[in-house]
A.B. asks: 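Below is the structure I would like to discuss, written out as structure tokens.
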Amino acid sequence: MQKIIIFFFLCVLDTNAESGCELFGRFEMPSLFKEGRIMIGGIFPVFNKEIATTSSFVREPGKVICAGYGLLLDLRVFRWTQVMIFAVEEINKNSTILPNISLGYRILNSCASPTNTLRAALTLAGGIEKKESNSSCPPAISALIAESGSTQSLAVAGTLGPFRVPIVSYFSTCACLSDREKYPSFFRTIPSDYFQAKALAALIRHFGWQWIGAIQSDNDYGRNGVLAFTEEVKKFGVCVAFVGTVLRTYSMDKILDVVEMIKQSTVKVILAFVPEGDLYPLMKEVVKQNITGIQWIASEAWITAARPSTPEMYRAFGGALGFVVQKVEIPNLKPFLTSISPYKDPNAAFVGDFWEVMVGCRPNLPGTQTVTVKTKKFCTGNETLENFQDVFFDVTHLRVSYNVYNAVYAVAHALHHLLFCKKPGEKAEKLCFNISEIQPKQVRSRGENTLHLSFEDDVFFDENGDPPAAYELINWQLKDGQVQHVTLGHFLSTASGEYKLSIHEDDIVWRTGKKVPSSLCSNVCTAGTRKAQIKGKPVCCFDCIPCAEGTIANISGAADCTPCTKEFWPNERKDECIPKAKEFLSYHEPMGIAITVVSLLGATLSLAIIMVFVRYGGTPVVKASNSELSCFLLFSLFLCFLCPLTFISRPTVWTCMLRHTAFGVTFALCISCVLGKTIVVVTAFKATFPGNMVAGKFGPTQQRIIVFSCTLVQIVICILWLNLNPPFPDMVFRYSNNKIVLECNPGSEAAFYTVLGYIGILAFICLILAFLARKLPDNFNEAKCITFSMLVFCAVWITFIPVYISSPGKFTVAVETFAILSSALGLLISIFAPKCYIILLKPEKNTKKHVMGGKKP
């Protein structure tokens, strides 16, 4: 319905000259006006607050009343209007752009109100409000330069867009305006908030701020800007603790609610995505309540605004950081600004208010009868602006003003291309298009792709009508008692779509001191700990818990701990994986020393007894003991005592193969010798029976055959074991998490237990035979000693099996060596101790008579 009404409104104006033009109604709006063959419109919030009035609906509403803060106009915005006028006049003087065609303008005030902005847009689209009926219709605007606020631009673009009226904004940054389906004729000379959100997010990420607050204006600019920013920072794990909302028309209670929100929060960094006019009431209250220690991040709408840039505001907002478009100096602009005078055109809107603010008196113009409350005096008429030193006249750091300048030139170039069918600078002999037939949509189509600047630059609109992104990073610094906007970095978009942020970090002045402020909900987890999310709170709020056993976090702020590989284990701080301690039975520990001592002692005893038997080889005791088998047995025991030495030290391939096979073969030899001795005893006493020829058939040769054959079987088993699946050094992790047990893996468990089983069979046979011969008559019945030794041997090895299986780590090796030494000592002591006792201590019993069972003395 709104579009139908507007369409009808515009069609009424399109009557021919004979019928004249007539408006059914008009808005009483003061303007800056200059007629030209082609007209462009401008809408600026010169006064940034609309005075609310109540309509009675019984008569036409009165004209809109606007005011600024303190009832003063905004000098910054008034300069924008003058830059537009300057650009139009500069183009009219330029013979290469629209030659012999005058460009006119009409500039209206929006009061920073969407409703009043729409009034102004309809007024401009409808042409001149007053015109004699006998004259032709004056031209309506061909393009519109509007507006600073995104909400106001949305109202204008949504209304005039369907009629393809080109709208070029100089300060509306809302990313929502890039929607070409909704706003097909909207362009702008300032980058979209899509890019500003990326720049602000990159700044937050650069300084590692994770816990921030946000203030938004209750309009499309603030809401869409904070939304785009929030989406960007969430990619980096940043949390927005709160979002406060302000607006210039809000009551003080709402402003105080936002202030209280700031005071109650723990954030130390706050983004204010708010236009200057909406933020100013909040800024005053923050200063009033002396809320300091906060690092403020600003949007481009207020970071370089003159009104809040005062030493008073610096107390709370000093060190603020924000991005703005790049600054440029416009040649010849300063003389133009200093030449502004209310006496040149007494009907020009806003100039009297500007003069009153700048000079301090009210110009005495026709129709001015009283002075205002603001000045309380009239001017003399001799005042001038030539020697004024005010920021208004500083044209070296123009940002938004330059955007206005570019917007005018963009429209002018599009018009030139449309009328002359050539680009500015190319020779144009005549018009190729009738000026009276210009339609706004044709201007839009000509200006859709390229924006040409007066400084011979070419800047392209993208498919969304946006220019490339190029920002400067501004820092509020106090120098010589004045707030300075110091450039300390840049944010640029590249042709490939990537973005580059550069910052001179050492030059930044922080409100919190020289150190970069920290803003975290929870302190960064130190190395060795990880984040643990707190239920019901944002992801930036967490507890730090130590890494679980076997895992580390070698960086601060780790979300998860990383497991160490199986060869490594965390150190005490759990911030580094260190090699696990390798455990094996060594010569340097008490257990290894004890085994070595016992092993060498047993081997020494074996050699000593051999020497005794050699020395006393002719005595009855040695002869009765079968000296050859005894020496074989003692030699095998000597080897058995040396076997445990192969179990000590770090396992290698050769020691692993040697320790098990040597143990098996030496014990097989040992038990074979014992078996031979047992058979000799049994057969010797059987020979006492008449006609028994067994003893004669079991001589030394047969004894050697028994020992050799029984040992050979074990040798064959060991050879097969070594060939098929030999023992090998292995690292075992199952016993402990923080150490590696180095041991010899038997390779084949079956082969290992076959070796043990074969030794056990031989020992069992010896035990049976010795047990059967234990009661044979003789003082020196060796069968009793063999029986006892076999009982000890079997007891040791039967006990060994379950203990071996259940012992962890190096204790497995200790158990095996204990079994070897115990069984060897048992054999050595049980069999040879009685003999040595008689030979060395009781030589009187070392007689044949005593050995054969003679009467004891």
Side-chain angles (χ1 to χ4, degrees), residues 584-585 595 599 602-603 606 628-629 631-679 700-732 742-767 790 793-794 796-798 800-801 804-805 812-813 815-824 827:
F584 54 89
L585 190 61
I595 291 172
S599 178
S606 300
E628 184 178 351
L629 282 179
C631 288
F632 271 126
L633 178 57
L634 286 169
F635 177 72
S636 64
L637 286 174
F638 170 77
L639 296 178
C640 288
F641 280 117
L642 294 180
C643 276
L645 298 180
T646 62
F647 287 78
I648 305 174
S649 76
R650 187 188 186 100
T652 64
V653 175
W654 291 105
T655 57
C656 285
M657 290 191 294
L658 179 62
R659 67 171 59 170
H660 288 99
T661 53
F663 153 72
V665 172
T666 55
F667 264 86
L669 174 62
C670 178
I671 303 302
S672 298
C673 292
V674 175
L675 179 61
K677 289 176 70 67
T678 306
I679 294 174
T701 302
Q702 287 75 19
Q703 296 171 18
R704 297 189 191 102
I705 292 173
I706 288 176
V707 172
F708 176 76
S709 60
C710 291
T711 305
L712 181 63
V713 172
Q714 187 75 299
I715 292 173
V716 171
I717 294 173
C718 289
I719 291 173
L720 293 175
W721 184 8
L722 294 178
N723 281 310
L724 298 178
N725 197 0
F728 59 90
D730 193 13
M731 293 189 295
V732 181
L742 302 181
E743 62 179 31
C744 287
N745 189 310
S748 172
E749 295 284 346
F752 175 69
Y753 287 108
T754 299
V755 169
L756 289 181
Y758 180 71
I759 296 172
I761 290 172
L762 293 178
F764 182 74
I765 294 173
C766 288
L767 177 62
M790 287 299 101
F793 184 88
C794 292
V796 168
W797 287 101
I798 291 174
F800 160 78
I801 294 174
Y804 177 83
I805 294 173
T812 303
V813 178
V815 167
E816 189 170 355
T817 56
F818 173 79
I820 294 172
L821 293 175
S822 299
S823 55
L827 290 172

A.B. asks: Rounded to the nearest 0.5 Å, how far apart are CG of Leu712 and CD1 of Ile719?
C.D. replies: 8.0 Å
A.B. asks: Would the SG atoms of Cys744 and Cys656 measure under 2.5 Å apart?
C.D. replies: yes
A.B. asks: Which pair of heavy atoms, one from Ile595 and one from Pro644, lies closest together, and at what distance?
C.D. replies: CG2-CB, 3.9 Å
A.B. asks: Heavy atoms, side chains only, cut-off 4.5 Å: are Asn745 and Pro729 in contact?
C.D. replies: no
A.B. asks: Say you draw a straight line from CG of Leu634 to CG of Leu629; how long is it, rounded to the nearest 0.5 Å?
C.D. replies: 11.0 Å
A.B. asks: Quick one: sort the Phe663 and Trp797 rings into parallel, tilted or perpendicular, breaks at 30° and 60°.
C.D. replies: tilted
A.B. asks: Please say whether more than 12 non-hydrogen atoms of neighbouring residues, nucleotides or ligands are located less than 6.0 Å from CZ in Phe752.
C.D. replies: yes
A.B. asks: For the atom pair CG (Leu637) and CG (Leu669), what is the distance rounded to the nearest 0.5 Å?
C.D. replies: 9.0 Å
A.B. asks: Would you say the side-chain atoms of Ser748 and Trp721 include a donor-acceptor pair closer than 3.5 Å?
C.D. replies: no
A.B. asks: Do Asp730 and Phe728 have side chains that get closer than 4.5 Å, going by heavy atoms?
C.D. replies: yes
A.B. asks: Rounded at 0.5 Å granularity, tell me how far SG in Cys643 sits from CZ in Phe638.
C.D. replies: 10.5 Å
A.B. asks: Taking atom OH as the centre, does Tyr753 end up with more than 12 heavy-atom neighbours from other residues, nucleotides or ligands that are less than 6.0 angstrom away?
C.D. replies: yes
A.B. asks: Is any side-chain heavy atom of His660 less than 4.5 Å from a side-chain heavy atom of Thr646?
C.D. replies: no
A.B. asks: Evaluate the side-chain proximity of Phe647 to Ile820: yes if any heavy-atom separation is below 4.5 Å, no if none is.
C.D. replies: yes
A.B. asks: Could you give me the CA-CA distance, side-chain angles and deciding distance for Ile679 and Gln702, then say whether side chain to side chain contact (heavy atoms under 4.5 Å, CB included) is met?
C.D. replies: CA-CA 10 Å; Ile679 294 174; Gln702 287 75 19; over 6 Å; no
A.B. asks: Can you see which heavy atom on Ser672 is nearest to which on Leu762, and at what distance?
C.D. replies: OG-CD1, 3.9 Å
A.B. asks: Taking atom OG1 of Thr817 and atom CG of Leu585, what is their separation to the nearest 0.5 Å?
C.D. replies: 6.5 Å
A.B. asks: Take Gln714 and Ile717, measure what side chain to side chain contact (heavy atoms under 4.5 Å, CB included) needs, and give me the verdict at the end.
C.D. replies: CA-CA 5 Å; Gln714 187 75 299; Ile717 294 173; 3.8 Å; yes
A.B. asks: Taking all non-hydrogen atoms of both residues, which atom of Met657 and which atom of Pro726 are closest, and how far apart?
C.D. replies: SD-CB, 4.1 Å
A.B. asks: Please test Met790 against Ile671 for side chain to side chain contact (heavy atoms under 4.5 Å, CB included), starting from the C-alpha separation and ending with a verdict.
C.D. replies: CA-CA 9 Å; Met790 287 299 101; Ile671 303 302; 4.1 Å; yes
A.B. asks: Going through the distances and angles, do Arg704 and Glu628 end up as a salt bridge (charged side-chain N to carboxylate O under 4.0 Å, His left out)?
C.D. replies: CA-CA 9 Å; Arg704 297 189 191 102; Glu628 184 178 351; 2.5 Å; yes
A.B. asks: As an exercise, state the distance from CG of Leu675 to CD1 of Ile706, rounded to the nearest 0.5 Å.
C.D. replies: 6.0 Å
A.B. asks: For the residue pair Glu743 and Met731, establish whether any side-chain heavy-atom pair is separated by less than 4.5 Å.
C.D. replies: no
A.B. asks: Between Tyr758 (side chain only) and Cys710 (backbone N and O only), is there a donor and an acceptor less than 3.5 Å apart?
C.D. replies: yes
A.B. asks: Give a yes or no on this: more than 12 heavy atoms of other residues, nucleotides or ligands lie within 6.0 Å of atom CZ of Phe584.
C.D. replies: yes
A.B. asks: Ring centroid separation for Phe764 and Phe793, is it under 6.0 angstrom?
C.D. replies: no
A.B. asks: What verdict does the side chain to side chain contact (heavy atoms under 4.5 Å, CB included) test give for Phe667 and Ser823, after you've listed the backbone C-alpha separation in whole Å, the side-chain angles of each residue and the deciding distance to 0.1 Å?
C.D. replies: CA-CA 10 Å; Phe667 264 86; Ser823 55; 3.1 Å; yes
A.B. asks: Taking the side chain as everything from C-beta on, heavy atoms only, tell me whether Thr711 gets closer than 4.5 Å to Cys673.
C.D. replies: no
